[in-house]
Enquirer: 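I have a structure I would like to understand better, so I am pasting it below and will then ask my questions one at a time.
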Amino acid sequence: MARGLIAPVAAVGPPPEGICGPRTRIVCSWVYDLTGGDATAAAVADWLLGRPIAIGAVLLAGWALRWLIRRLVGRGVNRILAQAPVLRRATTSAAQASADGHLPWDEARRSERARAVATAVSSTLSALVWVVTVIAAAGILGLDVGPILASAGLAGVAIAFGAQSLIRDLLAGVFILLEDHFAIGDEVDLGDGVGVVERMTLRETVLRDLDGTVWHVRNGEINRVGNHSQVWSAAMLDITVAHGTDLAAARALLTAVATEVAATAPFDQEVLEPPEVLGVEALSADGVTLRLLVKTLAGRQFGLQRALLEGIADSFRSHGVDLGARELAVRVRRTAPVPPAD
């Protein structure tokens with residue numbers, strides 16, 4: 001009797017085809033052997049335990065891979081984009097510079113670029129991971145993924161043909177961020193639109209013009225970018241004085257006015273180099289044109305230009321320097337009077 005109690009159960013062999021799932025045979029085979037060849041119990045165990053456990057493992061692996069991709073992409077993008085700007089002002093005060101030597105606006109710019117690029121790349125890779133995860137889960141359920149993949153391929157080709165402009169816009173947006181063409185707050189000239197960048201997405205750039213007009217420019221349509229707010233700018237003025245003006249005195253006045261304006265707040269914290277009168281830029285019927293150049297922080301040139309023009313007008317008026325003006329010469333031809341006819 002004791003021998004019968006401990007007698008081992010005879011192996012019943014592998015379960016028949018179609019009882020266990022294609023990738024979940026462990027639980028199904030174990031229940032089939034445990035029940036002495038009960039195919040129904042093995043199939044129920046496969047659907048209630050084997051396949052849910054396998055699908056859960058696949059989903060967990062997909063989630064872990066997505067989390068790892070986001071961490072690695074974030075760190076990699078931050079490391080790549082954490083480059084010092086091309087030109088940094090050597091005389092930046094301690095109040096303007098941060099602890100690592102970068103300007104605060106530059107830190108914000110790099111942080112924004114890194115966040116946008118990391119979001120775009122990680123979202124694309126995450127979508128790819130979840131597509132593979134869903135296909136693996138469908139295989140566990142016993143679905144034939146071949147037709148699904150073929151249909152997805154055909155749908156992808158159709159979408160690619162129908163959304164070429166959208167794909168071009170997205171790719172252009174990624175390269176704009178990677179190559180730092182412009183950022184939010186920059187004043188740019190995109191050809192079709194000129195203004196301050198208010199919003200950027202991978203598909204479009206939103207500008208606001210000086211008169212308040214909002215321009216929506218698709219990134220794929222941007223062929224050239226003129227950025228007035230990157231690294232440094234220059235306030236360049238062409239001042240035309242009348243013919244016969246003492247040019248040396250006029251140049252000295254321009255230098256004195258520019259130096260005085262650059263030394264006043266807030267321009268004393270924005271001007272990068274001493275003002276320079278480059279010399280005679282043009283000679284015309286209106287007068288002699290002198291060019292003044294003052295290098296300043298990016299985006300600060302317009303307020304400086306207005307202050308310089310006001311100071312130059314006051315200085316020239318007080319020193320008796322006449323601005324150039326167009327002169328019109330009228331020649332009158334005198335003819336002898338015609339005698340009256342008899």
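All values below come from the heavy atoms of this structure, side chains included, with hydrogens, waters and symmetry mates left out. Throughout, numbering of the chain's residues begins at 1 and tracks the sequence.
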Enquirer: Do I239 and L309 have side chains that get closer than 4.5 Å, going by heavy atoms?
Expert: yes
Enquirer: Hey, does the side chain of N219 reach the backbone of T201 with a donor-acceptor pair shorter than 3.5 angstrom?
Expert: yes
Enquirer: To which residues is L278 joined in a hydrophobic cluster, defined by side-chain heavy-atom contacts under 4.5 Å among Ile, Leu, Val, Met, Phe, Trp and Tyr, whether direct or through other members?
Expert: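 For the cluster that includes L278, the remaining residues are M236, L293.
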Enquirer: State the CG-CH2 distance between L297 and W232, to the nearest 0.5 angstrom.
Expert: 12.0 Å
Enquirer: Just by modelled atom types, is the S284 backbone N or O under 3.5 Å from a matching donor or acceptor in the H243 side chain?
Expert: yes
Enquirer: Which pairs would a plain distance check flag for residues 56-72, meaning a side-chain donor or acceptor within less than 3.5 Å of a matching protein atom at least two apart in sequence or in another chain?
Expert:
none

Enquirer: Is L283 linked to L237 within one hydrophobic cluster, defined over Ile, Leu, Val, Met, Phe, Trp and Tyr using a side-chain heavy-atom separation of less than 4.5 Å?
Expert: yes
Enquirer: Would you call R199 and E204 a salt bridge, taking side-chain N to carboxylate O under 4.0 Å as the test?
Expert: yes
Enquirer: Is there a path of hydrophobic side-chain contacts, each under 4.5 Å between heavy atoms, that joins L304 and V196?
Expert: no
Enquirer: Using every non-hydrogen atom in the two residues, find where V294 and P275 come nearest and quote the distance to one decimal.
Expert: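 Between these two residues, the closest heavy atoms are CG2-CB, 3.8 Å.
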Enquirer: Flag the pair L190 / F182 as yes when at least one side-chain heavy-atom distance between them is below 4.5 Å, and no otherwise.
Expert: yes
Enquirer: Sorted by first residue and then second, give each salt bridge (Lys or Arg N to Asp or Glu O under 4.0 Å) pair with at least one member in residues 205-217; sequence neighbours left out.
Expert: E198-R208
Enquirer: With heavy-atom distances below 4.5 Å as the criterion, would you say the side chains of F316 and L254 are in contact?
Expert: yes
Enquirer: Between L292 and I312, is a side-chain contact (heavy atoms from CB on, under 4.5 Å) present by the stated rule, with each step listed?
Expert: CA-CA 11 Å; L292 171 66; I312 291 171; 4.2 Å; yes
Enquirer: How about W215: does its CH2 atom have over 12 heavy atoms from other parts shown lying under 6.0 Å from it?
Expert: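 No - once you tally the heavy atoms of other residues, nucleotides and ligands closer than 6.0 Å, there are 12 at most.
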Enquirer: Does any part of the side chain of N227, heavy atoms only, come nearer than 4.5 Å to the side chain of H181, both counted from C-beta?
Expert: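 Counting from C-beta outward, H181 and N227 never come under 4.5 Å.
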Enquirer: Kindly work out whether a path of hydrophobic side-chain contacts (I/L/V/M/F/W/Y, heavy atoms less than 4.5 Å apart) joins I176 to V194.
Expert: no
Enquirer: Let me confirm one number: the CG-CZ distance from D322 to R317, rounded to the nearest 0.5 Å.
Expert: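 One gets 12.0 Å once the value is rounded to the nearest 0.5 Å.
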Enquirer: Calculate, to the nearest 0.5 Å, the distance between atoms CZ and CG belonging to R224 and D189 respectively.
Expert: 4.5 Å
Enquirer: First locate atom NE2 of H228, then atom CZ of F302, and finally report the distance between them rounded to the nearest 0.5 Å.
Expert: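 Taking NE2 in H228 and CZ in F302, the distance rounds to 6.0 Å.
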Enquirer: Heavy-atom distance under 4.5 Å between the side chains of S315 and E260, does that happen here?
Expert: no
Enquirer: Can you tell me how far CG of L207 sits from CG of D186, rounded to the nearest 0.5 angstrom?
Expert: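 Here the interatomic distance stands at 10.5 Å.
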Enquirer: Under a single-linkage rule joining Ile, Leu, Val, Met, Phe, Trp and Tyr whose side-chain heavy atoms are separated by less than 4.5 Å, which residues share a cluster with V214?
Expert: V206
Enquirer: Among all residues two or more places apart in sequence or in another chain, which pass the side chain to side chain donor-acceptor pair (under 3.5 Å) test with S233?
Expert: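 For S233, the residues satisfying side chain to side chain donor-acceptor pair (under 3.5 Å) (neighbours in sequence not counted) are Q301.
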Enquirer: For V280, which residues count as a side-chain contact (heavy atoms from CB on, under 4.5 Å) partner, sequence neighbours excluded?
Expert: L247, V288, L290
Enquirer: Write down the atom of A258, the atom of L308, and the distance for their closest heavy-atom approach.
Expert: CA-CD2, 3.6 Å
Enquirer: Is it possible for you to say whether L170 and V225 belong to one hydrophobic cluster, with membership spreading through side-chain heavy-atom contacts below 4.5 Å?
Expert: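 Same cluster.
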Enquirer: Please check: side-chain N/O of T296 versus main-chain N/O of E270, any donor-acceptor pairing under 3.5 Å?
Expert: yes
Enquirer: Could you give the distance from CG (D169) to CZ (R218), rounded to the nearest 0.5 Å?
Expert: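 Rounded to the nearest 0.5 Å, the CG-CZ separation comes to 4.5 Å.
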